[in-house]
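Heads up, the thing below is written out as structure tokens.
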Amino acid sequence: MIGVKDQMKKIDNILEIEDLHVSYASRNKLFSSRNSLTEAVRGVSFSVKRGETFAIVGESGSGKTSIAMSILGFVKPDKGTTLFNGLDLGALKGKSLRNTRRLIQPVFQDANSALNPRMTAESCVMDGLSSEDRQDKKETTLALLKAVGLEADHLKKYPHQLSGGQKQRLCIARALAPEPELLILDEPFSAQDLSIQAQIINLLLDLKENKRITYLLISHDLRVVRSLADRMVIMKEGVLLEEGECGDIFSNPNHPYTRELLVSSGLLGSE
């Protein structure tokens, strides 16, 4: 009999988004009691292949983070279907939903907000492990910290005792603790200087190779996308404008807005 894990492995697309709509209530005027709906995502559809890095690119307000929040369950969509390993996340409940969501982990932009200031690095990572054996947890925690470039002497340190790059590495280690299949990277580099960015990009490339993780990268930085992603979509004002292989889009963009973004980033001539 084929188990659930075996069935999942046979599905080529780890994530499928179909006709996603997300909106938020907003006040019309400062002293008005009436709310109106602002559409952040309007009918977006795409799929992510297992083992690839897929980027959602757009400026602030394009809807890219709203898509990530919807996948993670932090925002309820108005309409649409999200399939993970062929399972409809909107239809799952209870233990099935919890077990499935453990396989999807986020790494956010602001490591300071993402980390509990009262927890040591060791506690942050151990909290995400499923094993009940404390010694096993300690060994796994140390292995995860070493995998992201941290050492044993970081175990007992609190977030304020770590550098910006070390905090982001700790966030990645914590995200890896539940053994996820999909990491959602929401602008994970924008708070870092260029040298730290390069280190974390190299780290993510190594982890992808060694742990066979799929990445969904949310970014406005096309240079980062070019370094990490295999395929990408371009978004503006909640609408998907262009989708394709990164090499094709960077060399020959189809949509005028995509061309505009590439020219403004210095990645394409203005002719």
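Computed over heavy atoms, backbone and side chain alike; hydrogens, waters and symmetry mates excluded.
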Would K138 and E122 pass as an ion pair if we require N to O under 4.0 Å? yes
V239/E237 under side-chain contact (heavy atoms from CB on, under 4.5 Å): CA gap, chis, key distance, verdict: CA-CA 6 Å; V239 177; E237 297 176 352; 5.7 Å; no
Under 4.5 Å between side-chain heavy atoms, counting indirect links through other Ile/Leu/Val/Met/Phe/Trp/Tyr residues: same cluster for I196 and L162 or not? yes
Are L15 and L83 grouped together when hydrophobic residues (ILVMFWY) are joined by side-chain heavy atoms under 4.5 angstrom apart? no
Residues L103 and E179: closest non-hydrogen pair is CD2-O, 3.8 Å
Passes side-chain contact (heavy atoms from CB on, under 4.5 Å), E59 versus L261? Steps please. CA-CA 9 Å; E59 297 174 309; L261 287 179; 3.9 Å; yes
Is any side-chain heavy atom of E52 closer than 4.5 Å to one of I14? no
Nearest 0.5 Å, what's the CD1-CG distance between I201 and L194? 9.5 Å
For S265, does its backbone N or O pair with a side-chain atom of R223 as donor and acceptor, under 3.5 Å? yes
Counting distance only, does the side-chain N/O of R174 pair as donor-acceptor with the main-chain N or O of L115 below 3.5 Å? no
Can you tell if the side chain of I104 reaches within under 4.5 Å of the side chain of L89, non-hydrogen atoms only? yes
Measure from the side-chain N and O atoms of T141 to the backbone N and O of K137, and report whether any donor-acceptor pair falls under 3.5 Å. yes
Counting N and O atoms only, with roles assigned by atom type, does the side chain of E187 sit under 3.5 Å from a partner on the main chain of H220, one being a donor and the other an acceptor? yes
Starting from L97, can I reach M69 by hopping between I/L/V/M/F/W/Y residues whose side chains sit under 4.5 Å apart? yes
Determine whether a donor-acceptor pair (N or O, by modelled atom type, separation under 3.5 Å) exists between the side chain of Q197 and the backbone of F189. yes
Under the 3.5 angstrom rule, does the side chain of T214 hit a backbone N or O of G51 as a donor-acceptor pair? yes
What do the steps show when you test L217 against L204 for side-chain contact (heavy atoms from CB on, under 4.5 Å), and what is the final call? CA-CA 11 Å; L217 173 62; L204 289 170; over 6 Å; no
With under 30° as parallel and over 60° as perpendicular, where do the rings of F46 and F54 fit, or are they tilted in between? parallel
For T100 and F84, run side-chain contact (heavy atoms from CB on, under 4.5 Å): C-alpha distance rounded to whole Å, both residues' side-chain angles, the deciding distance at 0.1 Å, then the answer. CA-CA 8 Å; T100 301; F84 176 74; 3.6 Å; yes
Would you call the rings of Y257 and H255 parallel, tilted or perpendicular if under 30° counts as parallel and over 60° as perpendicular? perpendicular
Hey, does the side chain of E209 reach the backbone of D206 with a donor-acceptor pair shorter than 3.5 angstrom? no
Donor-acceptor pair, D19 side chain versus G80 backbone, under 3.5 Å? no
According to a hydrophobic-cluster definition based on side-chain heavy atoms being under 4.5 Å apart (Ile, Leu, Val, Met, Phe, Trp, Tyr only), do L183 and L203 belong together? yes
Nearest atoms (heavy-atom pairs only) where L142 meets A152: CD1-CA, 3.7 Å
Checking Q105 side chain against R102 main chain: does a donor-acceptor pair fall under 3.5 Å? yes
For R169 and V148, indicate whether the former's side chain and the latter's backbone hold a donor-acceptor pair under 3.5 Å. yes
Same cluster or not: are L241 and L267 linked, directly or through other Ile, Leu, Val, Met, Phe, Trp or Tyr residues, by side-chain heavy atoms under 4.5 angstrom apart? yes
Is it true that S195 and D193 share a donor-acceptor pair across their side chains at a distance under 3.5 Å? yes
